[in-house]
Structures are given as structure tokens and as C-alpha cells.
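Notes for the one structure printed next.
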Amino acid sequence: MGNELVIYNTLTRKKEVFRPLVEGKVGLYVCGPTVYSDSHLGHARPNITFDLLVRYLKYLGYKVRYVRNITDVGHLENEEEETGEDKISKRARIEQLEPMEVVQKYMNTFHHNMRQLNTLSPDIEPRASGHIIEQQQMIDLILENGFAYEVNGSVYFDVEKYNEKYQYGKLSGRNLDDIRTNTRKLDSQDEKKNPFDFALWKKASPGHIMQWPSKWSNGFPGWHLECSVMSTKYLGEIFDIHGGGLDLAFPHHECEIAQSTASLGKESVRYWMHNNMITINGQKMARSLGNFITLDEIFSGNHKVLEKAYSPMTIRFFLLQAHYRSTMDFSNEALKASEKGLGRLMDAVEDLSNLPDSGNSTVDVSGLKEKTFAALSDDLNSPVAIASLFDGVKIINSVKNGTDHLSKQDIEDLKLFFHTVIFDILGLVDEKDKDGAKDEVLNKVVELLLNLRVEAKSRKDWHTADSIRDGLNSLGIEVKDTKEGFEWKFKKIDS
RNA sequence: GGUCUCUUGGCCGAGUGGCUAGGCGGCGGUCUGCAAAACCGUAUACGGCGGUUCGAAUCCGCCAGAGACCUCCA
């Protein structure tokens with residue numbers, strides 16, 4: 001491809017031309033979920049964003065190794081319990097399940113939801129619990145290099161020491177003095193030299209369910225370590241792109257940089273990419289605000305802020321209609337707008353396969369293609385790419401109406417272009433196909449009824465014609481009269 | 001309190017020195033037995049006040065408002 005992919009690098013706060021470490025290959029690491037509850041809307045954003053990235057990189061001809069972790073150990077929950085109990089073990093106690101049973105359950109729903117959103121599976125999906133030894137090895141290295149200290153069976157990263165040689169806070173634009181004055185002092189952290197130091201290994205209390213033996217104590221790894229370890233293991237000491245939510249930039253990614261640098265003596269990540277957050281009716285989505293929506297809830301419409309169900313593709317399309325670095329506001333009005341727009345786009349795709357070849361083209365197909373790919377190459381500007389797809393929709397409709405014309409070659413071009421961008425790169429799926437439209441008997445029955453209706457109409461028997469139409473309508477089948485007779489399709493059924 | 005970001009028409013959301021973003025909704029029209037749908041056309045905008053400039057929604061300053069992170073978070 002002629003146009004070069006440009007990516008916004010959080011580390012430099014600039015758009016940079018993407019050049020992989022190894023020509024033709026891309027190593028990508030994305031922070032995955034902590035599997036202790038149902039997947040929510042917030043999970044849709046990064047996974048769709050980086051799915052788009054993977055799909056576009058592949059389209060550009062790169063061989064991509066996409067690594068996305070599952071966090072199944074080690075995140076402390078300071079806010080609730082006095083003990084700082086592990087999220088997963090806490091949930092296990094509540095539900096009377098084995099910790100690994102909890103992990104499995106929510107990992108399964110996460111995978112199911114991600115399939116519904118038509119995201120590609122990562123090539124490697126490593127789990128923190130499966131890399132305890134590697135994490136211990138990295139702690140050893142950091143200790144050897146003098147950037148960590150052991151206290152009472154726990155090991156902490158020495159941020160101050162690290163900052164003497166390197167720069168802690170560079171990713172999130174902080175310096176240690178700012179952090180020093182603004183880090184909250186928590187109870188039971190008196191083991192640490194400084195409040196901003198973070199745990200690499202934490203000694204477990206006797207009742208703590210998830211723990212592993214180590215030379216320091218029976219315990220569990222610190223909550224930033226897994227990503228440093230697993231990205232290095234599967235992508236190498238230096239790799240191309242690390243992605244995640246903007247909320248992870250500090251402290252999680254900052255700590256990752258520190259850990260990798262402290263253990264390897266160099267930085268691992270070449271391009272940092274962060275997707276922005278989702279708000280609901282202008283508010284941050286949070287459990288405490290009562291506007292926290294799981295993906296299952298949005299797909300079923302089963303939540304008080306939702307007027308109806310929204311399909312996975314509506315969510316996907318909606319998210320792609322905003323740039324990944326902008327905050328994105330969910331509202332019923334906005335979602336319904338996307339649902340309709342997506343329907344119109346998909347109708348155009350369908351029309352494209354029956355478009356009349358009408359001699360010389362009166363529209364510029366190649367200009368449309370250039371515009372679209374230029375947008376995608378400009379830091380994945382999917383909203384602009386989609387806008388130009390709608391320019392294409394306008395062309396398709398005009399040709400259908402006979403006000404514009406397309407040559408046979410241009411029709412083929414347009415068809416390939418639409419399919420490539422809509423299905424391969426944007427990863428959309430035509431959901432109409434799934435709703436039973438493949439049932440041949442049903443199709444024939446509907447056609448039979450509609451043919452009867454045409455007869456009724458020719459007799460000017462409006463009563464019969466209308467009752468057929470209304471009856472089908474109430475069954476979720478939309479009837480459109482056309483010059484030739486009729487068209488019909490399954491409507492999305494509102495709940 | 002510290003650091004940072006944002007404020008675009010009824011809603012969502014691009015753009016970032018001069019040229020229509022786009023979607024949804026509105027309005028007008030085409031089509032129709034009537035509808036619905038679809039299609040076509042169209043109006044409405046850059047938080048406020050200053051400054052830089054031939055020219056600013058776009059750059060700079062101030063003010064107002066919103067949000068994010070600083071604590072697990074996608």
C-alpha cells in the first residue's frame with residue numbers, strides 16, 4: 001500500500017509513522033480483562049479498537065502476533081475489605097466457588113461476548129497464574145539490579161532508586177515530585193519505603209486462597225508484573241505496540257515500563273496506544289453510579305437505562321463511528337442512530353450485488369477508496385472512513401435509481417472495496433443473515449403471502465392487502481412495495 | 001489540591017488556518033390506493049471575551065463549564 005500507517009504514540013504524544021522492528025511483522029500486546037465479573041461495555045472499547053488495528057495491519061500485509069492476557073490473579077481490592085483481599089478470591093468466597101472456577105466462568109463469558117462483537121481471537125492469550133515462575137524470575141532480575149527490596153517476605157519496587165537512573169512517570173507525564181505529594185497513603189503499607197513503591201511479590205495472609213511458594217514467602221505476584229513478563233516472553237525484550245485503556249496508563253503501564261527497564265536495562269515498548277473511556281449519558285460508567293452495563297445486558301436490553309436491546313454489531317459500529325482516542329458517550333438516542341445507519345450501510349452492500357452495469361462511470365470510485373484508506377492509515381480514523389463509506393452508499397443508491405452510472409469494472413471494484421473495508425477491516429457482520437432469513441420454507445411462505453397480496457391489490461381489495469401487510473409486520477417482517485412488486489426483510493425486533 | 005484533556009448545529013461525532021465531514025432526527029420532495037420503507041434535496045455550528053493573521057471553529061491568552069487520572073478499573 002502506498003500510504004503509511006501513522007499511529008499516535010502516548011509516550012511521545014505525537015503521531016508517528018509506524019515502522020515495525022522486524023520488517024513485515026508486528027508484535028502487539030494488549031491488556032486483557034481481569035476475570036472476576038461479567039464483561040461490560042468498557043471491555044468492548046479496547047477490544048474493538050485493537051481488533052481494528054489487527055485487522056488493518058493484516059490488510060496492510062503484516063504478519064501480526066497478537067497477545068492479550070487474562071488476569072486471573074493478583075489484583076488487590078483496597079476499597080472494600082480491610083485485608084486487601086484478592087479480587088478473585090473474594091468473589092470465590094461469595095459464590096462458594098473455587099477461584100479457578102470463577103476465572104473459568106467469567107473468562108468464558110468474556111470470550112463469548114468478544115465473539116459476539118466479532119473480534120478476532122488473540123494468537124496467544126497468556127494467563128498470569130500460568131506464569132508465576134517467570135514472574136519470580138523477573139523479580140530476581142530486578143532485585144539483582146538493585147531496583148527492589150524485600151521486607152517480611154514481600155518484595156517492592158524501589159521507585160526512588162529507579163528514578164535516579166531512569167525517569168519514572170514519563171508515559172503519563174508525571175514526575176516523581178508530583179507523585180510524591182499526591183500519592184495517597186494507605187494503611188498496612190508501612191512496609192514500603194515510599195508510598196509510591198509498588199509490590200512485585202506480596203506475602204499472602206494465611207487465609208488467602210490464591211498463593212504460590214517462592215523464596216520470599218508463600219504469596220502472589222504484584223499486579224503490574226504479569227504484563228511485563230508475558231509480553232517479554234511472547235514478543236521479545238523489545239516489541240512494537242502495547243495497547244490498553246487510557247485508565248491503565250497510570251500507574252499500570254508506568255509500572256510496566258519501570259519493571260521492564262529495571263530488569264532488562266532497556267525499554268520494551270516502541271509504540272504505546274491507549275483507547276479513551278466510555279461515558280453513559282455524559283457520566284463515567286461506574287457501579288456506584290448505577291449506570292454500569294454488562295454486554296449481556298446491552299445485547300438483551302435488560303437494564304434500566306436501556307430503552308431496548310442493541311445488537312453486538314450496533315455496538316461495534318457505534319464505537320467505530322468515534323475515534324478511539326475520543327471519549328464516547330452512550331445514550332439511547334445515539335445508539336438508535338447508529339443502528340439505523342448500520343442498517344442503511346448493509347442494505348447498500350446488498351444492493352451492490354444487483355447493481356446494473358450501465359456503461360461509463362459518472363462517479364469516482366478510486367477517489368473514494370483513497371479517501372477511506374487514507375483515513376484508516378491516519379491513526380485508525382474509522383469515523384472518517386465510515387463517512388466515506390456513506391458517500392459510497394449515496395453512489396450505490398444513485399446508480400440503483402438511475403441518476404448515476406457505473407461501469408462493470410467500477411462495480412466490481414466497489415464491491416471488493418466495500419466488502420474489504422466493511423467486513424474484513426471494520427469487522428462488521430450483516431446480522432440480518434442470522435435471524436432466520438436462511439429458512440427456505442419460511443421465505444417461500446412469505447413470498448406466497450405477498451404474491452396473494454399483489455393479487456388483492458390488483459383487485460383493489462385494500463382490506464386483504466393491508467391485513468397481509470400488517471400481519472407480516474407484526475411478525476417482524478417489513479414489506480416494501482416497489483414498482484416491480486415487493487421487497488421484504490426481517491426487521492430487528494425491538495424488545 | 002496536583003497533572004492532563006475536552007467544550008462543534010436537536011442528538012452522536014469528524015475536522016484543526018481559507019474548500020459540504022458523516023450518521024440519526026427535523027423540514028421539503030419523489031414513490032405509493034393509503035402507508036411503511038427507501039431515495040433525493042435542504043436548514044441549523046464551532047462555550048465566552050480579547051489577541052495574532054489578509055483570513056480562525058482551527059494558533060495564543062484570559063474567563064466559564066465538563067471530564068479523566070492521581071486508588072482496582074477498559
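So you know, we letter chains A, B, ... as the sequences are listed, proteins then strands, and number each from 1.
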Residue-phosphate contact under 4.0 Å: Arg344(A) side-chain N/O, rC24(B) OP1/OP2: yes
Presence of Asn401(A) side-chain N/O under 4.0 Å of rC39(B) phosphate oxygens OP1/OP2: no
Stacking between Phe390(A) and rG23(B), defined as ring centres under 5.5 angstrom apart with planes under 30°, is that present or not? no
So which nucleotide from rC24(B), rC70(B), rA14(B) ends up closest to the side chain of Pro251(A)? rC70(B)
May I ask you to verify whether the side chain of Asp466(A) and the base of rG33(B) hold a donor-acceptor pair under 3.5 Å? yes
Taking OP1 and OP2 of rC4(B), is either one under 4.0 Å from a side-chain nitrogen or oxygen of Ser172(A)? no
Options rC40(B), rG25(B), rA74(B), nucleotide nearest the side-chain atoms of Asn397(A): rC40(B)
Salt bridge Glu339(A)-Lys308(A), side-chain N to carboxylate O under 4.0 Å: yes
Would you say the rings of Phe50(A) and Tyr66(A) are close, in the sense that their centroids are separated by under 6.0 Å? no
Using the P atom in both, what is the distance from rU42(B) to rU32(B), to the nearest Å? 24 Å
Taking for each residue the nucleotide of RNA chain B bearing the nearest heavy atom, is the 5' side occupied by Lys336(A) or by Lys460(A)? Lys336(A)
Report yes if at least one side-chain N or O of Asn381(A) is closer than 4.0 Å to OP1 or OP2 of rG15(B); otherwise report no. yes
Mind checking the C1' distance from rC4(B) to rC46(B)? Whole angstroms is fine. 23 Å
Among the nucleotides rG25(B), rA74(B), rC39(B), which one has an atom lying closest to any side-chain atom of His40(A)? rA74(B)
Pairwise P distance for rC24(B) and rG41(B), with rounding to whole Å: 13 Å
The nucleotide from rC69(B), rG33(B), rC11(B) with an atom nearest the side chain of Ser331(A) is rC11(B)
Could you tell me how far rG50(B) sits from rG28(B) if I compare only their C1' atoms? Round to whole Å. 42 Å
In Watson-Crick or G-U wobble terms, with both distances under 3.5 Å, the base opposite rG1(B) is rC70(B)
Could you please name the option among rC69(B), rA74(B), rC12(B) that lies closest to any side-chain atom of Met328(A)? rC12(B)
Is a donor-acceptor contact shorter than 3.5 angstrom present between the side chain of Asp481(A) and the base of rA35(B)? yes
With the side chain defined as heavy atoms from C-beta on, Gln321(A) is closest, among rC4(B), rA74(B), rG23(B), to rG23(B)
Separation between the P atoms of rC59(B) and rU5(B), rounded to whole Å: 12 Å
If the plane angle is over 60° it's perpendicular, under 30° parallel, otherwise tilted; pick one for Trp272(A) and His274(A). parallel
Result of checking Asp379(A), Leu380(A), Asn381(A) against Arg325(A) for side chain to side chain contact (heavy atoms under 4.5 Å, CB included): Asp379(A)
rA14(B), rG22(B), rC69(B): which one has an atom nearest the side-chain heavy atoms of Ala322(A)? rA14(B)
Between rU44(B) and rG10(B), how many Å separate the two P atoms, rounded to a whole number? 12 Å
Per atom distances to the His43(A) side chain, the nearest of rG22(B), rG33(B), rA74(B) is rA74(B)
Distance check, P atoms only: rU16(B) and rU58(B), in whole angstrom units. 13 Å
P atom, rG17(B) versus rG51(B): distance in rounded Å? 23 Å
